[in-house]
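Ligands are counted one by one from 1 in listed order, and the atoms in each one are counted from 1 as well. Bear in mind that the values here come from a model prediction, so they are computed numbers and not experimental data.
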Amino acid sequence: MVRHLLSLEAASAAWMESLFRTARALKKNRSHRKDLESRTLGLVFSKPSTRTRISFEVAMAELGGRTTFMRETEVGMGEREEIRDVARTLSRYLAGIVVRTHSQRHLEELARYSSVPVINGLSESHHPCQALADLFTIWELKGGFRGITLSYVGDGNNVLNSLLMGASRLGLNVCVASPKGYGPKPSLIRMAGKAARRAGGALEVGEDPKKAVREADFVYTDVWTSMGFEEERDERIKAFRPYQLNAGLVAHAKKGVRVMHCLPAHRGEEITGAVIDGPKSIVFEQAENRLHVQKAILLDLLK
Ligand code: CP
Ligand code: NVA
């Protein structure tokens, strides 16, 4: 059966840890390989991207394959043509499809009819490749997850959803602080809380940023207004202002805390320039690790 990566909902700890081991080996030896020789990965994007697009393009090139990039407006999924026909057509040319979309539902429909793996390159509700790269970054720095606390301050968005799903299964302690009405969905809190406890970790979700970062080994934030939510920008800026990751908030965390952000960042909003450019920041390690982890994903799903 064809395997897709649409979210981390069904990702097991064993699968994630095996990806991390592969990614670590690939990172250590970044020579060109031929594993995916003569295979083409399609990228269908409906929103802008720097990291996701380029890291998948370079990943395929370094694994001996190639990519083809299409704007979603060109493909017109569900408008110019039914999604099922796009899926069946693309499956005849491509070894896999990375999709960046405003609709997780469209992504799931595409995957249902695709006979090649479909990979979520960010939807309105999930960003699994990002979360896997972030968790790999933590694993690499700490050598494991036991007893590690990851705190997330900000919007209960696609990035947090995927982090919660992955981190809880891997047994991290996760603390989240979001303004009222902007936190993760109760069903996700229940699911992630249960998974975390089973794996020896814990989950705490609240509204107090200082409390959330108190035990943090890693503090993560992301933009207050994700792509597709621009019309809510003004009200979000008001609601999120007390949640800015600045030197004052970082001072409430452990001394050796590391600061994470998936990028792109809005300096002066969710994070200050001094924090993101400061010595605790590992945001470009995260960005680099997208490449190594996605290579591991491609080898796992496409080979
Ligand atoms: N973090 C991330 O997905 O970046 P891009 O939007 O630039 O791809
Ligand atoms: N939450 C952000 C992530 C961008 C990589 C967004 O969806 O815009």
**Message:** Consider side-chain hydrogen bond (donor to acceptor under 3.5 Å, both in side chains). Of E288, Q294, K295, which one does H292 pass it with?
**Reply:**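 With H292 as partner, side-chain hydrogen bond (donor to acceptor under 3.5 Å, both in side chains) holds for just one option, E288.
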What do you reckon, does [X] have a nitrogen or oxygen under 3.5 Å from a nitrogen or oxygen of ligand 2?
X    : value
M227 : yes
K47  : no
R100 : no

Polar contacts were defined as any N/O atom of the residue lying under 3.5 Å from an N/O atom of the ligand; does this apply to [X] and ligand 1?
X    : value
C262 : yes
M227 : no
Q130 : yes

**Asked** Of all the atoms in ligand 2, which lie at a distance below 4.0 Å from a heavy atom belonging to L263?
**Response** 5 (C)
Give the residue, atom name and distance (to 0.1 Å) of the protein heavy atom nearest [atom].
atom                   : answer
atom 6 (O) of ligand 1 : R100 NH1, 2.8 Å
atom 7 (O) of ligand 2 : N158 ND2, 2.8 Å
atom 3 (C) of ligand 2 : D222 OD2, 3.7 Å
atom 7 (O) of ligand 1 : T50 N, 2.7 Å
atom 4 (O) of ligand 1 : R51 NE, 2.8 Å

**Request:** May I ask you to decide if the ring planes of F240 and W224 are parallel, tilted or perpendicular, using 30° and 60° as cut-offs?
**Result:** parallel
**Item:** Sub-4.0 Å heavy-atom approach of T225 to ligand 2
**Value:** no
**Request:** Show your reasoning for whether salt bridge (charged side-chain N to carboxylate O under 4.0 Å, His left out) applies to D35 and R33.
**Result:** CA-CA 6 Å; D35 308 71; R33 303 163 58 111; 2.7 Å; yes
**Message:** Can you confirm whether the side chains of S46 and R71 place a donor and an acceptor under 3.5 Å from each other?
**Reply:**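 No, because no side-chain N or O of S46 sits under 3.5 Å from a partner of the opposite role on R71.
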**Request:** May I ask whether H127 has any heavy atom positioned less than 4.0 angstrom from an atom of ligand 1?
**Result:** yes
**Message:** Measuring from non-hydrogen atoms of L122 to any atom of ligand 1, is the shortest distance under 4.0 Å?
**Reply:** no
**Request:** Give the intermediate values and the outcome of salt bridge (charged side-chain N to carboxylate O under 4.0 Å, His left out) for residues E269 and R233.
**Result:** CA-CA 11 Å; E269 290 190 18; R233 193 179 139 81; 3.0 Å; yes
**Request:** Using a 4.5 Å cut-off on heavy atoms from C-beta on, say whether the side chain of T137 contacts that of V293.
**Result:** no
**Message:** Taking the side chain as everything from C-beta on, heavy atoms only, tell me whether F56 gets closer than 4.5 Å to L41.
**Reply:**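 In short, these two side chains touch, coming nearer than 4.5 Å.
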**Request:** With heavy atoms of R290 as the reference, note each atom of ligand 1 found under 4.0 Å away.
**Result:** 1 (N), 2 (C), 3 (O)
[Y]/[X] salt bridge by N-O under 4.0 Å criterion:
X    : Y    : value
E140 : K27  : yes
R258 : D217 : no
R30  : E62  : yes

